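Reviewing the structure listed below.
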Amino acid sequence: MSIRDDLLRVLDDHSLMRWTSEERNSTTCKCGWNGNGFELHRIDAVLARFGVVELPKPMPTDADIAVDMDDPFEFRAPWGTYYATGGLVESDTGPSWTTAHARAEAAALLAAANRAEAQS
Ligand SMILES: [Zn+2]
């Protein structure tokens, strides 16, 4: 199952069941939630399950690691620069990951950041 399928399931689980006021500002969700701000409720449901971040823009690169790349771009972060190289994600600090491993690392980092923010 892809992340798109998982996201569709969350959105389906939080579908509008019915308007609960004549002014159409109060709703009942498929999950049982009732109130106004239905779209914010749906966003909260997505954010409770998925880490949503704005992806950095790819930057053109002339780094040595990118010499043989057809589409040489780099992605900068505070502690390193990353390159998409033929199915791998490589770092200027040495490690490289499969795309699945890179996504798993990023997900764990986002989950820890979310938890740390909730604790502060
Ligand atoms: Zn809901």
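Every number for a ligand or one of its atoms is a count from 1 in the order of the listing. Computed from a prediction, not measured in an experiment: that's the story for all the values here. Note: hydrogens, waters and symmetry copies are ignored here, and every other heavy atom, side chains too, is used.
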Quiz question: by atom type and distance under 3.5 Å, do the side chains of Ser26 and Thr20 form a donor-acceptor pair?
yes

Closest non-hydrogen atom pair between Val10 and Arg49, with its separation
CG2-NH1, 3.7 Å

So, at under 2.8 Å, which protein N, O or S atoms would a careful student list around the Zn ion (ligand 1)?
His14 ND1, Cys29 SG, Cys31 SG, His41 NE2

Once you measure the plane-to-plane angle for His41 and Trp33, does it fall in the parallel (<30°), tilted (30-60°) or perpendicular (>60°) bin?
parallel

Is any side-chain N of the basic residue among Arg9 and Asp6 closer than 4.0 Å to the acidic one's carboxylate O?
yes

Shortest non-hydrogen contact from Phe50 to Leu7?
CZ-N, 3.8 Å

Side chains of Glu74 and Thr61 only: does a donor on one sit below 3.5 Å from an acceptor on the other?
yes

